[in-house]
Amino acid sequence: MSQQMPFKELMKVLGLGAVAFVLGVEGLNWLMRRLRDSRGPLKEVLFFPSPQVCVEHLFIRHKHFPCACPLPHGVETSFSRLLVHLLSARMSLDLCVFSFSHMELSRAILLLHKRGVVVRVVTDRDYMTITGSQIGVLRKAGICVRHEMSSAVHMHHKFALVDGKKLITGSLNWTLTAVQSNKENVMVTEEPELVGPYQQEFQKLWEANDPANHKPQCTNGQLNIKTCKDR
């Protein structure tokens, strides 16, 4: 006849088993981090144009029903990868973009803002007012936008900094034409030696184009200035 294990002994065995399980999970996480680190910082290159596919699943985390749109589903493209990188922001997104009229990219920025991500945008003074520009939409949502104050130069950069550690840069303007029709490139990297100079450039532009440091200008009798506090 087998003897039953005393209750205290049983609890001790179960406790040791739980500890072993936790240590096993932590060990697996540690191993995965080591394997990821061994490959070095993130380096990815995306080429455009990108085919049209459904990206609804990237915006809705707990979608119970499949999207009924006619576009292909479950297909990864350069554009969907770009959205994934942008939506990975948890703390901050600093964006320098010349032309911004792509509605899905605007939707991504608005979603990040809604999640509490601090978004700052620097753009071109002329192209921010063209037909279809999403800059006004971002401002209306409460996102802080500054534009190049000088009329002699264009703010022609196209880069984004995700959480201050991931750089997204290349030739791509944030327009439907650029994404779907143009030959464009985007590089995504977490290489500190590359991210650092872009952080410095963004901060330089952000401070240089602070409306508080410039005299108000009048256009057609209207005061053309919008103050925007540093964040």
Side-chain angles (χ1 to χ4, degrees), residues 82 85-175 178 184 186-231:
L82 175 60
H85 286 300
L86 288 170
L87 291 171
S88 70
R90 294 294 177 264
M91 300 297 294
S92 66
L93 178 72
D94 290 336
L95 172 63
C96 259
V97 62
F98 175 65
S99 183
F100 188 176
S101 59
H102 198 294
M103 297 186 68
E104 291 294 342
L105 288 170
S106 177
R107 183 183 177 190
I109 304 306
L110 292 170
L111 179 58
L112 290 175
H113 177 64
K114 185 177 179 181
R115 290 176 181 174
V117 174
V118 176
V119 179
R120 301 187 297 176
V121 179
V122 176
T123 190
D124 184 74
R125 64 180 293 151
D126 295 330
Y127 274 74
M128 65 184 257
T129 58
I130 64 172
T131 302
S133 174
Q134 293 296 300
I135 296 300
V137 177
L138 302 186
R139 276 183 161 167
K140 188 175 181 180
I143 293 174
C144 199
V145 178
R146 292 179 181 176
H147 62 76
E148 173 59 53
M149 301 298 287
S150 172
S151 59
V153 297
H154 283 297
M155 204 305 299
H156 208 249
H157 286 314
K158 301 107 177 173
F159 71 84
L161 291 160
V162 178
D163 293 332
K165 63 181 181 181
K166 180 189 292 186
L167 170 66
I168 303 171
T169 187
S171 66
L172 186 78
N173 271 311
W174 286 25
T175 66
E184 308 277 4
V186 169
M187 180 184 70
V188 186
T189 181
E190 292 179 348
E191 190 73 50
E193 290 79 5
L194 297 177
V195 175
Y198 279 87
Q199 287 179 309
Q200 295 172 14
E201 176 67 5
F202 182 89
Q203 194 59 35
K204 182 175 72 173
L205 291 172
W206 188 252
E207 294 171 0
N209 294 298
D210 184 350
N213 298 329
H214 297 263
K215 293 181 179 180
Q217 298 178 357
C218 289
T219 304
N220 297 326
Q222 298 292 325
L223 189 63
N224 182 25
I225 187 167
K226 176 181 173 66
T227 59
C228 200
K229 295 180 179 179
D230 284 319
R231 298 184 182 183

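As the structure is a prediction and not an experimental result, all values here were calculated from the model.
Residues satisfying the ring-ring contact (aromatic ring centres under 6.0 Å, His included) criterion with His157, sequence neighbours excluded, are Phe159. With sequence neighbours excluded, the residues forming a side-chain contact (heavy atoms from CB on, under 4.5 Å) with Val117 are Ala89, Leu93, Leu112, Val119, listed by chain and number. Looking at residues two or more places apart in sequence or on another chain, you find no side-chain hydrogen bond (donor to acceptor under 3.5 Å, both in side chains) involving Ser92. For Arg107, the side-chain hydrogen bond (donor to acceptor under 3.5 Å, both in side chains) criterion is met by Glu56, not counting sequence neighbours. Every residue meeting the side-chain contact (heavy atoms from CB on, under 4.5 Å) condition with Lys158, not counting sequence neighbours, appears here in chain and number order: Phe98, His156, Asn173.
When all heavy atoms of Pro192 and Pro197 are compared, the closest pair comes out as O-CD, 4.4 Å. Of all the heavy atoms in Ser88 and Lys166, the pair that sits closest is OG-NZ, 3.1 Å. Residue Glu191 comes nearest to Glu193 through the heavy atom pair OE2-OE1, 2.9 Å, listed as atom of the first residue, atom of the second, then distance. Listed here is the closest heavy atom pair of Ser101 and Gly132: CB-O, 3.3 Å. Closest approach of Thr123 and Val97 over heavy atoms only: OG1-O, 2.9 Å. Closest of all the heavy-atom pairs between Ser171 and Glu184 is OG-OE1, 2.6 Å.
Side chain of His85 to main chain of Ile168: no donor-acceptor pair is present (N/O by atom type, distance under 3.5 Å, no hydrogens or angles). Panel note: side chain Glu148, backbone Val153; no donor-acceptor pair is recorded below 3.5 Å. Of the possible donor and acceptor atoms, none in the side chain of Arg146 sits under 3.5 Å from a partner among the backbone N and O of Val122. No donor-acceptor pair under 3.5 Å is formed between the side chain of Thr169 and the backbone N or O of Met187. Judged by distance alone, with hydrogens and angles left aside, the side-chain atoms of Arg90 form no donor-acceptor pair with the main-chain N or O of Asp163 at under 3.5 Å.
To the nearest 0.5 Å, atoms CG (Leu95) and CH2 (Trp174) are separated by 4.5 Å. Atoms NE2 and OG, on His154 and Ser99 in that order, are 11.0 Å from each other to the nearest 0.5 Å. With values rounded to the nearest 0.5 angstrom, Leu110 atom CG is found 10.0 Å from Lys114 atom NZ. Atom CG in Leu105 sits 7.5 Å away from atom CG in Leu172 (nearest 0.5 Å). For the atom pair Asp210 CG and Leu205 CG, the distance stands at 12.5 Å (nearest 0.5 Å). Between atom CG of residue Leu161 and atom CZ of residue Phe202 there is a gap of 7.5 Å, rounded to the nearest 0.5 Å.
Identified under the side-chain hydrogen bond (donor to acceptor under 3.5 Å, both in side chains) test for residues 126-135, with sequence neighbours left out: Ser106-Gln134.
Residues Gln199 and Gln203 bring no donor and acceptor atom of their side chains to less than 3.5 Å of each other.
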